[in-house]
Amino acid sequence: MAFISIKQVSYTYNGRKKPAVKDVSLDIERGEKVAITGLNGSGKSTLAKLMLGLLKPQKGTVLLDGKPVQKYSLPEVGEKIGYLLQNPSQMLFNTTVYNEVAFGLKWRGKSRAEIHRICKGYLEHFDLWQLRDAFPFNLSEGQKQLVALTAILALQPACLVLDEPTKSIDVSRKKKLIEILEDIWRQGTGIIVISHDVGFITRFGGRRVHLVEGEVVDAAAGC
Amino acid sequence: MLQLDVRTKLLLVVIFSVLALVYQNPKVLALLLVVNILTLSILGLPLAIFRGFYKFIGLYVLLIVIQSFFVKSGEPLLKLGEMYLLTTDGIWYGLAIILRFLILAASGLFLMHCNPTELTLALVKLRLPYEIVLMVQIGIRFIPVFINELQNTFNAIQLRGVDLRRVYKRKVLRVYVSIFSPLLYSVWQKAEKLSILLELRGFRKVPVRTYYRDIALSRTDYVIMATALLMTAIFVYAVKGL
Ligand SMILES: Nc1ncnc2c1ncn2[C@@H]1O[C@H](COP(=O)(O)OP(=O)(O)O)[C@@H](O)[C@H]1O
Ligand SMILES: [Mg+2]
(Lines give C-alpha, C1' and ligand atoms only; values in the text may rest on other atoms or scores of the structure.)
(Ligands and ions follow the chains in the order given, each with its own letter.)
Protein backbone atom coordinates (compact mmCIF):
# COMPACT_ATOMS: atom_id res chain seq x y z
CA MET A 1 0.00 0.00 0.00
CA ALA A 2 1.22 3.45 -0.92
CA PHE A 3 2.37 5.73 1.90
CA ILE A 4 0.50 8.73 0.50
CA SER A 5 -2.37 7.97 -1.81
CA ILE A 6 -4.16 10.84 -3.51
CA LYS A 7 -7.33 9.91 -5.31
CA GLN A 8 -9.13 12.23 -7.72
CA VAL A 9 -8.53 15.24 -5.53
CA SER A 10 -9.74 18.71 -6.46
CA TYR A 11 -9.43 21.91 -4.45
CA THR A 12 -10.74 25.38 -5.19
CA TYR A 13 -9.91 28.31 -2.91
CA ASN A 14 -12.71 30.42 -1.53
CA GLY A 15 -13.71 33.12 -3.98
CA ARG A 16 -11.83 31.53 -6.88
CA LYS A 17 -13.46 30.14 -9.99
CA LYS A 18 -10.67 27.93 -11.25
CA PRO A 19 -9.57 25.01 -9.08
CA ALA A 20 -5.98 25.27 -7.80
CA VAL A 21 -5.72 21.46 -7.92
CA LYS A 22 -7.87 19.49 -10.30
CA ASP A 23 -8.56 15.75 -10.38
CA VAL A 24 -5.10 14.79 -9.18
CA SER A 25 -4.37 11.14 -8.50
CA LEU A 26 -0.96 10.21 -7.21
CA ASP A 27 0.53 7.35 -5.22
CA ILE A 28 3.73 7.89 -3.33
CA GLU A 29 5.46 4.85 -1.90
CA ARG A 30 7.26 4.67 1.43
CA GLY A 31 10.83 5.88 1.00
CA GLU A 32 10.21 7.17 -2.50
CA LYS A 33 11.91 10.20 -4.02
CA VAL A 34 9.51 12.47 -5.87
CA ALA A 35 9.99 15.86 -7.47
CA ILE A 36 6.88 17.94 -8.03
CA THR A 37 7.47 20.61 -10.64
CA GLY A 38 5.39 23.24 -12.37
CA LEU A 39 5.21 26.95 -13.02
CA ASN A 40 4.23 29.56 -10.43
CA GLY A 41 0.61 29.12 -9.46
CA SER A 42 0.33 25.64 -10.93
CA GLY A 43 -0.91 24.27 -7.62
CA LYS A 44 2.22 22.70 -6.16
CA SER A 45 1.95 24.22 -2.70
CA THR A 46 -1.78 23.54 -2.61
CA LEU A 47 -1.12 19.89 -3.41
CA ALA A 48 1.39 19.74 -0.55
CA LYS A 49 -1.13 21.19 1.89
CA LEU A 50 -3.70 18.67 0.71
CA MET A 51 -1.22 15.83 1.34
CA LEU A 52 -0.76 16.98 4.91
CA GLY A 53 -4.45 17.49 5.50
CA LEU A 54 -3.98 21.22 6.05
CA LEU A 55 -6.57 21.80 3.35
CA LYS A 56 -9.62 19.61 2.99
CA PRO A 57 -10.31 18.60 -0.61
CA GLN A 58 -13.77 19.42 -1.93
CA LYS A 59 -13.54 16.29 -4.03
CA GLY A 60 -11.58 13.08 -3.66
CA THR A 61 -9.61 11.61 -0.77
CA VAL A 62 -6.08 11.62 0.56
CA LEU A 63 -4.90 8.52 2.41
CA LEU A 64 -1.84 8.64 4.63
CA ASP A 65 -0.55 5.23 5.56
CA GLY A 66 -3.91 3.76 4.50
CA LYS A 67 -6.07 6.09 6.61
CA PRO A 68 -7.81 9.31 5.51
CA VAL A 69 -5.46 12.13 6.41
CA GLN A 70 -8.30 14.08 8.07
CA LYS A 71 -8.54 11.33 10.69
CA TYR A 72 -5.10 12.20 12.04
CA SER A 73 -4.39 15.08 14.38
CA LEU A 74 -1.72 17.49 13.15
CA PRO A 75 0.94 16.23 15.59
CA GLU A 76 0.27 12.72 14.32
CA VAL A 77 0.72 13.86 10.73
CA GLY A 78 3.88 15.71 11.78
CA GLU A 79 5.33 12.53 13.15
CA LYS A 80 5.01 10.88 9.74
CA ILE A 81 5.74 13.84 7.50
CA GLY A 82 8.15 16.73 7.97
CA TYR A 83 6.78 19.71 6.10
CA LEU A 84 8.76 22.75 5.03
CA LEU A 85 6.39 25.60 4.18
CA GLN A 86 7.13 27.65 1.10
CA ASN A 87 7.55 30.70 3.31
CA PRO A 88 10.07 29.77 6.02
CA SER A 89 9.30 32.88 8.10
CA GLN A 90 5.94 31.34 8.89
CA MET A 91 7.70 28.36 10.44
CA LEU A 92 9.72 30.32 12.96
CA PHE A 93 8.28 31.06 16.36
CA ASN A 94 11.11 30.70 18.87
CA THR A 95 13.50 33.20 20.38
CA THR A 96 16.75 31.54 19.32
CA VAL A 97 17.90 29.40 16.43
CA TYR A 98 18.83 26.64 18.86
CA ASN A 99 15.38 26.60 20.45
CA GLU A 100 13.79 26.59 17.03
CA VAL A 101 15.54 23.37 16.15
CA ALA A 102 15.11 21.89 19.63
CA PHE A 103 11.38 22.72 19.87
CA GLY A 104 9.98 19.58 18.24
CA LEU A 105 12.53 17.36 19.97
CA LYS A 106 11.54 18.70 23.39
CA TRP A 107 7.91 17.95 22.67
CA ARG A 108 8.81 14.43 21.73
CA GLY A 109 10.38 13.94 25.12
CA LYS A 110 14.01 13.62 24.10
CA SER A 111 16.65 14.11 26.77
CA ARG A 112 18.61 17.34 27.01
CA ALA A 113 21.88 15.69 25.98
CA GLU A 114 20.32 14.00 23.01
CA ILE A 115 18.65 17.24 21.87
CA HIS A 116 22.02 18.97 22.10
CA ARG A 117 23.70 16.28 20.04
CA ILE A 118 21.06 16.31 17.30
CA CYS A 119 20.80 20.10 17.09
CA LYS A 120 24.54 20.54 16.96
CA GLY A 121 24.92 17.92 14.26
CA TYR A 122 22.36 19.43 11.91
CA LEU A 123 23.26 23.06 12.59
CA GLU A 124 26.94 22.34 11.97
CA HIS A 125 26.14 20.60 8.74
CA PHE A 126 24.71 23.86 7.37
CA ASP A 127 27.35 26.08 9.05
CA LEU A 128 24.72 27.55 11.35
CA TRP A 129 26.10 26.53 14.72
CA GLN A 130 27.67 29.94 15.35
CA LEU A 131 24.21 31.47 14.88
CA ARG A 132 22.63 29.30 17.57
CA ASP A 133 21.80 32.24 19.86
CA ALA A 134 20.55 34.52 17.09
CA PHE A 135 16.89 35.58 16.88
CA PRO A 136 15.44 33.65 13.92
CA PHE A 137 13.39 36.61 12.65
CA ASN A 138 16.52 38.72 12.12
CA LEU A 139 18.28 36.19 9.92
CA SER A 140 18.63 36.57 6.17
CA GLU A 141 16.05 34.81 4.01
CA GLY A 142 18.44 32.03 3.14
CA GLN A 143 19.39 31.50 6.78
CA LYS A 144 15.74 31.41 7.80
CA GLN A 145 15.13 28.83 5.13
CA LEU A 146 17.97 26.67 6.46
CA VAL A 147 16.89 27.00 10.08
CA ALA A 148 13.33 25.97 9.21
CA LEU A 149 14.72 23.06 7.23
CA THR A 150 17.03 22.02 10.05
CA ALA A 151 14.13 22.10 12.51
CA ILE A 152 12.28 19.65 10.28
CA LEU A 153 15.25 17.40 9.53
CA ALA A 154 16.11 17.14 13.23
CA LEU A 155 12.80 15.39 13.86
CA GLN A 156 13.78 12.61 11.45
CA PRO A 157 10.29 11.93 10.07
CA ALA A 158 9.53 8.99 7.79
CA CYS A 159 8.89 11.33 4.90
CA LEU A 160 9.73 14.92 4.00
CA VAL A 161 7.65 17.36 2.00
CA LEU A 162 9.84 20.32 1.11
CA ASP A 163 8.21 23.28 -0.61
CA GLU A 164 10.87 25.11 -2.62
CA PRO A 165 13.75 24.23 -0.27
CA THR A 166 16.40 25.89 -2.44
CA LYS A 167 14.53 29.15 -2.92
CA SER A 168 17.05 31.53 -1.40
CA ILE A 169 20.03 29.48 -0.33
CA ASP A 170 23.52 29.75 -1.78
CA VAL A 171 25.34 27.29 -4.02
CA SER A 172 27.47 25.71 -1.31
CA ARG A 173 24.48 25.14 1.00
CA LYS A 174 22.49 23.79 -1.92
CA LYS A 175 25.20 21.19 -2.41
CA LYS A 176 25.04 20.34 1.28
CA LEU A 177 21.28 20.07 1.08
CA ILE A 178 21.54 17.59 -1.79
CA GLU A 179 24.11 15.59 0.19
CA ILE A 180 22.00 15.39 3.29
CA LEU A 181 18.83 14.54 1.36
CA GLU A 182 20.66 11.82 -0.52
CA ASP A 183 21.99 10.54 2.77
CA ILE A 184 18.69 10.31 4.60
CA TRP A 185 17.00 8.93 1.50
CA ARG A 186 19.49 6.05 1.51
CA GLN A 187 18.52 5.47 5.12
CA GLY A 188 14.91 5.03 4.04
CA THR A 189 13.32 8.46 4.35
CA GLY A 190 10.85 9.33 1.62
CA ILE A 191 11.45 12.75 0.10
CA ILE A 192 9.00 14.86 -1.86
CA VAL A 193 10.42 18.14 -3.11
CA ILE A 194 8.49 20.89 -4.76
CA SER A 195 10.69 23.05 -6.89
CA HIS A 196 11.19 24.80 -10.18
CA ASP A 197 14.95 24.91 -9.68
CA VAL A 198 15.97 22.81 -12.69
CA GLY A 199 19.57 22.30 -11.58
CA PHE A 200 18.49 21.10 -8.17
CA ILE A 201 15.79 18.80 -9.52
CA THR A 202 18.19 17.26 -12.01
CA ARG A 203 20.70 16.44 -9.31
CA PHE A 204 18.04 15.34 -6.89
CA GLY A 205 16.67 12.78 -9.35
CA GLY A 206 13.61 10.77 -8.40
CA ARG A 207 10.21 10.50 -10.02
CA ARG A 208 8.92 13.64 -11.70
CA VAL A 209 5.37 14.84 -11.27
CA HIS A 210 4.62 17.86 -13.40
CA LEU A 211 1.65 20.11 -12.72
CA VAL A 212 0.05 22.42 -15.24
CA GLU A 213 -2.80 24.58 -13.98
CA GLY A 214 -3.55 22.16 -11.20
CA GLU A 215 -3.46 19.01 -13.27
CA VAL A 216 -0.80 16.34 -13.44
CA VAL A 217 0.56 16.05 -16.95
CA ASP A 218 2.98 13.65 -18.52
CA ALA A 219 6.29 14.03 -16.71
CA ALA A 220 8.16 14.06 -20.02
CA ALA A 221 6.56 17.42 -20.79
CA GLY A 222 9.46 19.05 -18.97
CA CYS A 223 9.96 21.43 -16.11
CA MET B 1 -29.14 44.61 -6.17
CA LEU B 2 -29.85 48.30 -5.71
CA GLN B 3 -26.85 50.49 -6.57
CA LEU B 4 -26.34 52.52 -3.43
CA ASP B 5 -23.64 54.93 -2.40
CA VAL B 6 -21.33 53.61 0.29
CA ARG B 7 -22.26 56.53 2.53
CA THR B 8 -25.89 55.44 2.48
CA LYS B 9 -24.85 51.95 3.50
CA LEU B 10 -22.64 53.36 6.24
CA LEU B 11 -25.59 55.35 7.59
CA LEU B 12 -27.68 52.18 7.74
CA VAL B 13 -24.90 50.34 9.55
CA VAL B 14 -24.59 53.15 12.08
CA ILE B 15 -28.36 53.36 12.70
CA PHE B 16 -28.81 49.65 13.27
CA SER B 17 -25.68 49.23 15.39
CA VAL B 18 -26.48 52.20 17.60
CA LEU B 19 -30.08 51.10 18.12
CA ALA B 20 -28.90 47.58 18.91
CA LEU B 21 -26.60 48.92 21.59
CA VAL B 22 -29.10 51.38 23.02
CA TYR B 23 -32.01 49.01 23.57
CA GLN B 24 -31.90 46.16 26.04
CA ASN B 25 -35.40 44.82 25.78
CA PRO B 26 -35.42 41.60 23.73
CA LYS B 27 -38.85 42.52 22.31
CA VAL B 28 -37.45 45.74 20.84
CA LEU B 29 -34.30 43.98 19.67
CA ALA B 30 -36.31 41.25 17.97
CA LEU B 31 -38.35 43.89 16.17
CA LEU B 32 -35.14 45.64 15.16
CA LEU B 33 -33.70 42.43 13.80
CA VAL B 34 -36.82 41.86 11.72
CA VAL B 35 -36.61 45.41 10.34
CA ASN B 36 -32.90 44.90 9.64
CA ILE B 37 -33.48 41.69 7.71
CA LEU B 38 -36.38 43.24 5.81
CA THR B 39 -34.18 46.19 4.84
CA LEU B 40 -31.45 43.86 3.67
CA SER B 41 -33.83 41.92 1.49
CA ILE B 42 -35.52 45.06 0.11
CA LEU B 43 -32.09 46.32 -0.93
CA GLY B 44 -31.43 42.97 -2.52
CA LEU B 45 -28.50 42.00 -0.32
CA PRO B 46 -27.89 38.29 0.14
CA LEU B 47 -29.07 36.71 3.37
CA ALA B 48 -27.40 33.37 2.77
CA ILE B 49 -24.97 34.00 5.61
CA PHE B 50 -27.77 33.62 8.15
CA ARG B 51 -28.08 29.95 7.33
CA GLY B 52 -24.87 29.39 9.27
CA PHE B 53 -26.18 30.83 12.53
CA TYR B 54 -27.90 27.69 13.70
CA LYS B 55 -24.41 26.30 14.31
CA PHE B 56 -24.09 28.63 17.29
CA ILE B 57 -27.13 27.28 19.13
CA GLY B 58 -24.88 25.65 21.72
CA LEU B 59 -23.28 29.02 22.37
CA TYR B 60 -26.69 30.66 22.79
CA VAL B 61 -27.75 28.09 25.36
CA LEU B 62 -24.48 28.58 27.20
CA LEU B 63 -25.02 32.35 27.19
CA ILE B 64 -28.46 31.91 28.73
CA VAL B 65 -27.14 29.59 31.42
CA ILE B 66 -24.30 31.97 32.26
CA GLN B 67 -26.73 34.87 32.47
CA SER B 68 -29.02 32.87 34.76
CA PHE B 69 -26.09 32.02 36.95
CA PHE B 70 -25.13 35.64 37.53
CA VAL B 71 -28.51 37.32 37.24
CA LYS B 72 -30.19 36.13 40.39
CA SER B 73 -33.42 38.00 39.80
CA GLY B 74 -36.47 36.55 38.12
CA GLU B 75 -38.31 33.29 38.62
CA PRO B 76 -36.02 30.28 38.98
CA LEU B 77 -37.00 27.60 36.47
CA LEU B 78 -34.23 25.13 37.18
CA LYS B 79 -32.32 24.86 40.42
CA LEU B 80 -29.44 22.70 41.56
CA GLY B 81 -29.35 23.02 45.33
CA GLU B 82 -28.78 26.71 45.96
CA MET B 83 -27.52 27.28 42.43
CA TYR B 84 -29.80 28.81 39.81
CA LEU B 85 -29.32 27.14 36.45
CA LEU B 86 -32.16 28.79 34.60
CA THR B 87 -34.10 31.88 35.55
CA THR B 88 -36.64 33.90 33.58
CA ASP B 89 -34.41 36.95 33.76
CA GLY B 90 -31.42 34.88 32.68
CA ILE B 91 -33.27 33.81 29.57
CA TRP B 92 -34.33 37.39 29.00
CA TYR B 93 -30.82 38.87 29.23
CA GLY B 94 -29.27 35.99 27.29
CA LEU B 95 -31.79 36.54 24.54
CA ALA B 96 -30.94 40.25 24.42
CA ILE B 97 -27.26 39.46 23.93
CA ILE B 98 -27.97 36.98 21.17
CA LEU B 99 -30.27 39.38 19.35
CA ARG B 100 -27.76 42.17 19.61
CA PHE B 101 -25.10 39.93 18.18
CA LEU B 102 -27.35 38.99 15.29
CA ILE B 103 -28.25 42.62 14.56
CA LEU B 104 -24.60 43.68 14.53
CA ALA B 105 -23.77 40.80 12.19
CA ALA B 106 -26.72 41.64 9.96
CA SER B 107 -25.85 45.32 9.74
CA GLY B 108 -22.30 44.39 8.74
CA LEU B 109 -23.88 42.73 5.71
CA PHE B 110 -24.73 46.16 4.29
CA LEU B 111 -21.06 46.69 3.60
CA MET B 112 -20.24 43.19 2.50
CA HIS B 113 -20.60 43.72 -1.22
CA CYS B 114 -19.16 47.18 -1.52
CA ASN B 115 -16.04 47.92 -3.43
CA PRO B 116 -13.03 48.70 -1.18
CA THR B 117 -12.04 51.68 -3.32
CA GLU B 118 -15.52 53.14 -2.95
CA LEU B 119 -15.32 52.62 0.79
CA THR B 120 -12.05 54.57 0.81
CA LEU B 121 -13.61 57.36 -1.22
CA ALA B 122 -16.61 57.49 1.07
CA LEU B 123 -14.39 57.87 4.13
CA VAL B 124 -12.33 60.55 2.39
CA LYS B 125 -15.51 62.44 1.49
CA LEU B 126 -16.55 62.22 5.11
CA ARG B 127 -13.38 64.26 5.70
CA LEU B 128 -11.36 61.59 7.43
CA PRO B 129 -7.59 62.17 6.89
CA TYR B 130 -6.32 60.11 4.00
CA GLU B 131 -3.61 58.48 6.14
CA ILE B 132 -6.21 57.02 8.43
CA VAL B 133 -8.41 55.94 5.55
CA LEU B 134 -5.51 54.13 3.95
CA MET B 135 -4.72 52.38 7.23
CA VAL B 136 -8.34 51.25 7.49
CA GLN B 137 -8.19 49.99 3.93
CA ILE B 138 -4.90 48.17 4.43
CA GLY B 139 -6.27 46.72 7.65
CA ILE B 140 -9.34 45.35 5.93
CA ARG B 141 -7.31 43.96 3.05
CA PHE B 142 -4.55 42.45 5.14
CA ILE B 143 -6.46 40.91 7.99
CA PRO B 144 -7.40 37.78 6.01
CA VAL B 145 -3.85 37.45 4.72
CA PHE B 146 -2.50 37.85 8.21
CA ILE B 147 -4.91 35.30 9.63
CA ASN B 148 -3.84 32.89 6.91
CA GLU B 149 -0.18 33.37 7.84
CA LEU B 150 -0.90 32.86 11.51
CA GLN B 151 -2.80 29.72 10.60
CA ASN B 152 0.29 28.49 8.76
CA THR B 153 2.42 29.13 11.82
CA PHE B 154 -0.01 27.35 14.12
CA ASN B 155 -0.02 24.42 11.71
CA ALA B 156 3.78 24.39 11.74
CA ILE B 157 3.79 24.35 15.54
CA GLN B 158 1.36 21.46 15.66
CA LEU B 159 3.19 19.50 13.00
CA ARG B 160 6.22 19.69 15.26
CA GLY B 161 4.34 17.83 17.94
CA VAL B 162 2.19 20.24 19.95
CA ASP B 163 -1.52 19.50 20.04
CA LEU B 164 -3.02 22.94 20.50
CA ARG B 165 -6.52 21.48 20.56
CA ARG B 166 -5.87 19.76 23.85
CA VAL B 167 -5.92 22.97 25.81
CA TYR B 168 -6.37 21.25 29.13
CA LYS B 169 -2.68 20.62 29.26
CA ARG B 170 -0.88 23.30 31.23
CA LYS B 171 2.02 23.07 28.83
CA VAL B 172 -0.07 24.40 25.96
CA LEU B 173 -0.47 27.70 27.75
CA ARG B 174 3.29 27.85 28.05
CA VAL B 175 3.59 27.34 24.29
CA TYR B 176 1.22 30.21 23.63
CA VAL B 177 3.18 32.45 25.96
CA SER B 178 6.53 31.49 24.46
CA ILE B 179 5.47 32.00 20.85
CA PHE B 180 3.62 35.22 21.52
CA SER B 181 6.59 37.59 21.49
CA PRO B 182 8.26 36.22 18.35
CA LEU B 183 4.93 36.41 16.55
CA LEU B 184 4.35 39.93 17.76
CA TYR B 185 7.82 40.82 16.53
CA SER B 186 7.08 39.40 13.09
CA VAL B 187 3.92 41.51 12.88
CA TRP B 188 5.86 44.59 13.83
CA GLN B 189 8.53 43.76 11.26
CA LYS B 190 5.85 43.44 8.61
CA ALA B 191 4.33 46.79 9.56
CA GLU B 192 7.71 48.45 9.36
CA LYS B 193 8.38 46.96 5.94
CA LEU B 194 5.00 48.16 4.75
CA SER B 195 5.61 51.71 5.91
CA ILE B 196 8.97 51.83 4.15
CA LEU B 197 7.39 50.50 0.97
CA LEU B 198 4.66 53.12 1.14
CA GLU B 199 7.14 55.96 1.49
CA LEU B 200 9.33 54.59 -1.28
CA ARG B 201 6.34 54.79 -3.57
CA GLY B 202 5.71 58.39 -2.69
CA PHE B 203 3.10 58.15 0.03
CA ARG B 204 2.41 61.62 1.46
CA LYS B 205 4.80 63.25 -1.00
CA VAL B 206 2.06 65.66 -2.04
CA PRO B 207 -0.50 66.77 0.53
CA VAL B 208 -3.66 66.24 -1.53
CA ARG B 209 -4.50 62.97 -3.15
CA THR B 210 -6.98 62.97 -6.00
CA TYR B 211 -9.00 60.11 -7.38
CA TYR B 212 -9.87 59.05 -10.88
CA ARG B 213 -13.08 57.42 -9.71
CA ASP B 214 -15.77 59.47 -8.07
CA ILE B 215 -18.81 58.59 -6.03
CA ALA B 216 -21.98 60.61 -5.96
CA LEU B 217 -25.17 60.41 -3.99
CA SER B 218 -28.07 59.69 -6.31
CA ARG B 219 -31.71 60.51 -5.72
CA THR B 220 -32.27 56.94 -4.54
CA ASP B 221 -29.60 57.47 -1.90
CA TYR B 222 -31.26 60.60 -0.58
CA VAL B 223 -34.65 58.90 -0.53
CA ILE B 224 -33.28 55.90 1.32
CA MET B 225 -31.34 58.01 3.81
CA ALA B 226 -34.39 60.15 4.53
CA THR B 227 -36.59 57.09 4.87
CA ALA B 228 -34.08 55.47 7.17
CA LEU B 229 -33.96 58.49 9.46
CA LEU B 230 -37.73 58.82 9.46
CA MET B 231 -38.15 55.13 10.20
CA THR B 232 -35.64 55.43 13.04
CA ALA B 233 -37.65 58.25 14.57
CA ILE B 234 -40.86 56.25 14.21
CA PHE B 235 -39.19 53.18 15.68
CA VAL B 236 -37.83 55.06 18.67
CA TYR B 237 -41.22 56.60 19.32
CA ALA B 238 -43.14 53.35 18.83
CA VAL B 239 -41.06 51.27 21.22
CA LYS B 240 -41.06 53.88 23.97
CA GLY B 241 -43.81 52.07 25.85
CA LEU B 242 -42.31 48.57 25.62
N1 LIG C 1 -4.89 31.36 0.16
C2 LIG C 1 -5.26 31.43 -1.13
N3 LIG C 1 -6.43 32.01 -1.47
C4 LIG C 1 -6.81 32.08 -2.75
N5 LIG C 1 -6.12 31.59 -3.77
C6 LIG C 1 -4.94 31.00 -3.52
C7 LIG C 1 -4.44 30.88 -2.18
N8 LIG C 1 -3.26 30.23 -2.22
C9 LIG C 1 -3.03 29.97 -3.52
N10 LIG C 1 -4.02 30.42 -4.31
C11 LIG C 1 -4.13 30.29 -5.78
O12 LIG C 1 -4.10 28.91 -6.12
C13 LIG C 1 -3.29 28.68 -7.26
C14 LIG C 1 -2.20 27.68 -6.92
O15 LIG C 1 -1.34 28.24 -5.94
P16 LIG C 1 -0.09 27.47 -5.34
O17 LIG C 1 -0.52 26.09 -4.98
O18 LIG C 1 0.47 28.31 -4.27
O19 LIG C 1 0.89 27.43 -6.60
P20 LIG C 1 2.45 27.07 -6.66
O21 LIG C 1 2.89 26.64 -5.31
O22 LIG C 1 2.54 26.01 -7.70
O23 LIG C 1 3.14 28.32 -7.11
C24 LIG C 1 -2.77 30.03 -7.70
O25 LIG C 1 -3.57 30.48 -8.76
C26 LIG C 1 -2.95 30.90 -6.48
O27 LIG C 1 -3.21 32.23 -6.86
MG1 LIG D 1 4.21 27.32 -4.11
Side-chain angles (χ1 to χ4, degrees), chain A residues 13-15 45 48-49 51-55 69 72-97 99-110 135-139 144 147-155 157 159-161 163, chain B residues 46 48-49 51-52 55 109 111-116 140-194 196-197:
Chain A
Y13 283 101
N14 242 340
S45 300
K49 287 192 176 152
M51 282 183 196
L52 280 123
L54 300 177
L55 296 175
V69 69
Y72 293 93
S73 71
L74 280 182
E76 284 166 348
V77 174
E79 236 160 79
K80 293 180 187 288
I81 307 179
Y83 173 49
L84 178 77
L85 279 166
Q86 179 165 357
N87 185 347
S89 307
Q90 293 172 10
M91 301 194 61
L92 306 174
F93 46 84
N94 285 280
T95 43
T96 66
V97 167
N99 285 340
E100 195 65 63
V101 180
F103 182 87
L105 295 165
K106 279 183 202 156
W107 278 87
R108 293 189 189 173
K110 296 253 191 284
F135 186 36
F137 285 91
N138 286 341
L139 299 176
K144 280 184 194 170
V147 170
L149 191 65
T150 310
I152 296 302
L153 290 174
L155 294 175
C159 177
L160 291 170
V161 174
D163 198 343
Chain B
I49 201 166
R51 273 190 231 131
K55 287 184 200 144
L109 287 182
L111 289 176
M112 209 164 80
H113 285 264
C114 79
N115 177 317
I140 294 172
R141 277 292 177 91
F142 275 79
I143 284 168
V145 176
F146 181 58
I147 289 176
N148 188 21
E149 286 186 6
L150 265 185
Q151 187 60 54
N152 278 342
T153 303
F154 280 118
N155 287 341
I157 292 168
Q158 297 190 71
L159 284 169
R160 281 201 237 159
V162 185
D163 204 340
L164 292 175
R165 282 181 314 178
R166 295 158 78 181
V167 279
Y168 58 84
K169 285 197 174 172
R170 260 221 329 275
K171 272 188 179 171
V172 170
L173 192 68
R174 222 175 59 208
V175 173
Y176 275 114
V177 171
S178 75
I179 63 180
F180 181 72
S181 57
L183 285 182
L184 200 67
Y185 183 79
S186 83
V187 174
W188 179 71
Q189 227 179 14
K190 219 167 281 159
E192 198 187 19
K193 227 181 277 172
L194 190 64
I196 293 172
L197 284 176

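Letters A, B, ... mirror the listed sequences (proteins, then strands); counts begin at 1.
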Q: By a 4.5 Å heavy-atom criterion (distance strictly below it), what part of Leu150(B) contacts chain A: side chain, backbone, both, or neither?
A: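 Nothing of Leu150(B), per the 4.5 Å heavy-atom cut-off to chain A.
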Q: So for Gln86(A), is it side chain, backbone, both, or neither that comes closer than 4.5 Å to the heavy atoms of chain B?
A: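 Neither part.
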Q: Find the distance between NZ (Lys80(A)) and CG (Leu159(B)) and round it off to the nearest 0.5 Å.
A: 13.5 Å
Q: Which heavy atom of Gly161(B) sits nearest a heavy atom of Arg108(A), and at what distance?
A: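 Taking every non-hydrogen atom into account, N-NH2, 3.9 Å.
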Q: Most heavy-atom pairs under 4.5 angstrom with chain B, which of Leu84(A), Leu52(A), Asn138(A), Ile81(A)?
A: Asn138(A)
Q: After noting the C-alpha distance and the side-chain angles of Lys49(A) and Asn152(B), does the key distance pass the side chain to side chain contact (heavy atoms under 4.5 Å, CB included) rule?
A: CA-CA 10 Å; Lys49(A) 287 192 176 152; Asn152(B) 278 342; 3.7 Å; yes
Q: Okay, side chain of Arg160(B), backbone of Glu100(A): is any donor-acceptor separation there less than 3.5 Å?
A: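 Checking the backbone N and O of Glu100(A) against the side chain of Arg160(B), a donor-acceptor pair under 3.5 Å is found.
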Q: Could you tell me which portion of Gln189(B) (side chain, backbone, both or neither) has an atom closer than 4.5 angstrom to a non-hydrogen atom of chain A?
A: side chain
Q: Side chain to side chain contact (heavy atoms under 4.5 Å, CB included) for Phe154(B) and Leu74(A)? Distances and angles first, verdict last.
A: CA-CA 10 Å; Phe154(B) 280 118; Leu74(A) 280 182; over 6 Å; no
Q: Given that the side chain runs from C-beta out, which part of Tyr83(A) has a heavy atom under 4.5 Å from chain B: side chain, backbone, both or neither?
A: side chain
